[in-house]
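Comments concern the structure below.
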Protein chains: 2
Amino acid sequence: MKIYTIRDVAKLAGVSVTTVSRVLNHRPDVNAATREKVERVMAECNFVGNASARSLKQLDGDVAALILRGRSNIFLSQLAEMMLQFAGETGVSFLLETIDEKADEFQTALRLTHEKRARGFIFVGSRLDGRAQVLRGLEAPLVFATVPARELELPRVASVAVDDRRMGRLAMETLIQAGHRRIAVFGGRRDQGDALAERYLGAREACETAGVPFDESRYVETRFSLSDAYGAARAFFPTRGDTTAVFAMSDLVAMGVIRALKDMGKSVPEDVSVFGFDGIEMGKYFLPSLTTIAQPQEEIARKSVEVLLDMMNGGEGRHVTLPAALIRRESVAAPRK
Amino acid sequence: MKIYTIRDVAKLAGVSVTTVSRVLNHRPDVNAATREKVERVMAECNFVGNASARSLKQLDGDVAALILRGRSNIFLSQLAEMMLQFAGETGVSFLLETIDEKADEFQTALRLTHEKRARGFIFVGSRLDGRAQVLRGLEAPLVFATVPARELELPRVASVAVDDRRMGRLAMETLIQAGHRRIAVFGGRRDQGDALAERYLGAREACETAGVPFDESRYVETRFSLSDAYGAARAFFPTRGDTTAVFAMSDLVAMGVIRALKDMGKSVPEDVSVFGFDGIEMGKYFLPSLTTIAQPQEEIARKSVEVLLDMMNGGEGRHVTLPAALIRRESVAAPRK
DNA sequence: TACAGCTATGGAACCGTTTCCGATACCGTT
DNA sequence: AACGGTATCGGAAACGGTTCCATAGCTGTA
C-alpha cells in the first residue's frame, strides 16, 4: 500500500502542490471545481498529510504539552485525559507526556520545547520545591493544575486549583465537630510546596482554631497508592490504637487505610472514621462510601486549557481558584463513647 | 531563549552540520577531540534536536503505535502504560493514541500510518466484529492485546491474551461448585468477537458440563463502568431476587454490583456471591475483597511489545496464550441454605 | 481602450535533520 | 616513491509539507 505524498496527489489531480496544500488547509482561494477534483483524488488514495513535515515548516504551529508525573494517581490521570479532550475541541494540538517519579518537569518541558516545539505547558499535580528559578528559563506560558502556585509571582505563570488550605481545614473541622480529638493525618511530604502541604496547613489551622492540639506524631507520610497506604496504616495503628479518625489526603489512601483497619478487626466508621480527598468515582461505591472533599475535576481541566490557550494568545497569567465540595457519606461518624 | 539548530551548533563549534549530526547519533567516525568540542557546544546552548525534522527524514524510523479505546477501563489503561514503559527500553518509539468509544481502530491505524509513519500497531482491548477485511488493507504488523484473534488467519497478525473461554468456564465452575445454581452473568455484548464473548461461551460450557441450565434471562448486558454496572444491578435484582451469585466480567462491574446489592439491603457474600475478572489492584482492598480471575497484566504488556517488535523485524505473527490465575478472596462463598 | 483590482493558480524557497558521496590527510607496505 | 586503506570530515540532496511571491485571466470602470 503506497503512501501518497502531496506531490503524488498534485500529479494525479493535474494541479500544483500549492493548490493541494490549499485544499488541505481549507483555504478560500481555490475554485470549487478544482477543490472537488483534488478532494476526490485525496479520498481515492487515502491521503493523509505527514505530521512531521507539517510541523517542521510551521514553527509557529501551536503545540502545547501536558506534563503528568506518574500514572498511579487516578485523579490526576483522569484530569489529564479530560484536558486532552477539551483541547481536542480547540485548534492547538496537545501532547501528553508522562514522566516518572524522579524526572524533572522543567527539564522535560525544556526538552519538549526543542524536540516538539511545544509553546505552552500544563503541569498536572506538580511540585514546586525551589524550582522557581529554573522556571525563569522557560519563557513559554505555564499552567499549574491542582497546584497552589499563587505565591510565585512570575509573568507567564498561571494556576488552577481549589483552595487546598481551606479544604484541608474544612476536612479537619468536620472531624472535630463530629467529636474526634485524636486524629491521624495520612499525607505526603510537607515540604514541597504543593497541594498536600497546603492541606496540611489547613488541617493545623482547624486544630488551632478549635483548641485541639495538632499531634505531629500522628502525621503519617505515605505515597499515594493503595498498597503504600495500606502498609502505612498497618504499621501505624498497632501503636496508636486510640486514634479515632483519619484524614487521608487522597481517596486512594483512604481506601487503603480502611482496608487495613478492617484487617485489624476495626470497623469504619464505628471504630475509626476516615476522611478522603479528591472525590474519585470509586469513593461512591466503596464500602463504606467515602466522606471526602470533591475537587471539580472537569472544571479544573476545562479552566486549565482555557487559561493556557489564553496565555498562548498573549493573555496574562491568572490564578484561578475553583470551589470544592464537602461530600458527606458513610466513612465518617461520631466516635464511640 | 533562542532555540538552536544543528546549523547553529555547527557554526559555533567550527565544524559542519554533518559532523554535528554524527555526534548526535553517536557514530564512531568522529575524532574524540571534535566530538568533545561539539558536545560542549551542544550542552552550552541546551541543544535538543527537532523531532519533526528527524522523523521527516528518517522514513524508515521505527515508530509503533498503541491504540486504546476509551480511558474508562483501568485494566486496559494500565496495560497500555506498561507497554509504553517496556517499549521505552527498546529502540523504537511508541506513541499512545486514545480513541473514543465510537471511533474505528483501523481507520485510526491507517491515519497514523500516514500522519506519523507508524509501522506497527498494538490494539489493546479491541473488538473484532467483521472488520477482518479492513485489516487486510493495513500491511503493518498488528498485535491484539487481550483479544482472542486466533481464528483470523492473517499473515502479519498476532495476539496476546489469556484463554478467556477457559477462564470464563473456571469462574462459572467455581460458583457452581460452591453450590450456586441461579447465577447471573454481567457482561458486555456477546456478538463482537472479543474476550467477553469468549468468557460468555466458557460460562455456558461450565453450565452444560455441570448439568446446570444456563439461564439466558439472567444475562445482563452492561458497559464496563461503575455507574453502569450499579444501575444494571439495581434494575436487575428487584425482579430476580432469587439469584444467589453473579459472575461479573470485570472487577469494576463486580464492585458496582456489590455496592448495588448493599444498597438493596443484601450482603456479599452471605446473600449473593460476586465473582470478578481482571485482577485489578483495587479488588484486593475493596470490601469485600474480590474473588476474581487475575490476568497477568505485566506479562501481557511485555509479550505484546515483544511480539510486535519481532514482527517489525520480519518475524512471523504468533498467537500467545498466557496463563491466568483464579484468586479466591471474600466476595464468593456458598449460598445460604 | 487602458488600467486597476480580484480570483485562481503555480514556482520555488524553506523548515532542521539525515545520509549519500566524495574529498582530504595520514598511515604503513612494497 | 607510489599506492591501498583507514579515519575524519564536508557538500549537497533529499524528506513532505507550507508559504511568499509572481503571473495569468477576467471583470468593471473611467
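Just the heavy atoms: all of them, side chains too, but no hydrogens, waters or symmetry mates, feed the values below. First the proteins, then the strands, lettered A, B, ... as listed; each starts at 1.
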_Just to be sure I understand the geometry, which residues of residues 27-39 of chain B put a non-hydrogen atom under 4.0 Å away from DNA chain C?_
B:Arg27
*Select one nucleotide: of C:dC15, C:dT17, D:dC20, the one nearest the side-chain heavy atoms of A:Leu56.*
C:dC15
*Is it true that A:Asp191 and A:Arg189 make a salt bridge, defined as a side-chain N closer than 4.0 Å to a carboxylate O?*
yes
*At what distance, to the nearest 0.5 angstrom, does CG of A:Asp29 lie from OG1 of A:Thr19?*
8.5 Å
*Do the side chain of B:Arg35 and the main chain of B:Arg27 share a donor and acceptor less than 3.5 angstrom apart?*
yes
*Answer yes or no: does a side-chain N or O of A:Arg7 lie under 4.0 Å from OP1 or OP2 of D:dG16?*
no
*Return yes when atom CD of A:Glu115 has more than 12 non-hydrogen atoms of other residues, nucleotides or ligands closer than 6.0 Å, and no otherwise.*
yes
*Is there a donor-acceptor pair closer than 3.5 Å between any side-chain N or O of A:Asn313 and the backbone N or O of A:Leu309?*
yes
*Nucleotide of C:dT9, C:dG16, D:dT19 approaching A:Thr19 most closely (side-chain heavy atoms)*: C:dT9
_Length of the line joining A:Lys116:NZ and C:dG16:C1', which is rounded to integer Å_ = 16 Å
*For the side chain of A:Thr5, counting heavy atoms from C-beta on, which of D:dG16, D:dT18, D:dG10 is nearest?*
D:dG16
*Could you state the atom-to-atom distance from NZ of A:Lys11 to C1' of C:dG10 in whole Å?*
15 Å
*Quick one: salt bridge (charged side-chain N to carboxylate O under 4.0 Å, His left out) pairs with a partner in residues 140-149 of chain A, sequence neighbours left out?*
none
*Looking only at side-chain atoms of B:Thr18, point me to the closest of D:dG16, D:dG11, C:dG10.*
D:dG11
*Can you tell me the distance, in whole Å, between the CG atom of B:Asn25 and the P atom of D:dC9?*
15 Å
*Would you kindly give the NZ-to-C1' distance between B:Lys57 and D:dG17, to the nearest whole Å?*
15 Å
*Length of the line joining B:Arg117:CZ and C:dT18:C1', which is rounded to integer Å*: 16 Å
*Applying side-chain contact (heavy atoms from CB on, under 4.5 Å) between B:Val307 and each of B:Glu316, B:Arg318, B:Arg302, report the one that passes.*
B:Arg318
*Integer-rounded Å distance: C:dG16 P and B:Met42 CE*: 17 Å
*Is it the case that A:Ser55 and B:Ser52 place a side-chain donor and acceptor less than 3.5 Å from each other?*
yes
*asked:* What is the separation between atom CD on B:Glu115 and atom P on D:dG17, rounded to the nearest whole Å?
replied: 11 Å
*Look at atom NZ of A:Lys11 and say whether more than 12 heavy atoms of other residues, nucleotides or ligands are closer to it than 6.0 Å.*
no
_Length of the OH-P vector between B:Tyr4 and C:dT17, whole Å_ = 14 Å
*Which nucleotides of nucleotides 21-27 of chain D have their base under 4.0 Å from a protein heavy atom (B), which only their sugar-phosphate (S), and which neither (-), written as one string 5' to 3'?*
-------
*Contact class for B:Val15 (heavy atom, under 4.0 Å): base, sugar-phosphate, or nothing?*
sugar-phosphate
_First encountered from the 5' end of DNA chain D, between B:Ser16 and B:Ala53_ = B:Ser16
_Taking side-chain contact (heavy atoms from CB on, under 4.5 Å) as the definition, give me every residue that meets it alongside B:Asp8, ordered by chain and number, with sequence neighbours left out._
B:Lys2, B:Tyr4, B:Thr5
_Net bend of the helix from C:dT1-D:dA30 to C:dT30-D:dA1, end axes of five pairs each, nearest 10 degrees_ = 60°
_Results of salt bridge (charged side-chain N to carboxylate O under 4.0 Å, His left out) for B:Lys303 - residues two or more places apart only_ = B:Glu306
*Name the closest nucleotide to the A:Asn50 side chain, picking from C:dG11, C:dT18, D:dG17.*
D:dG17
*Please confirm whether the backbone N or O of A:Phe106 pairs with a side-chain atom of A:Asp104, one donor and one acceptor, at under 3.5 Å?*
yes
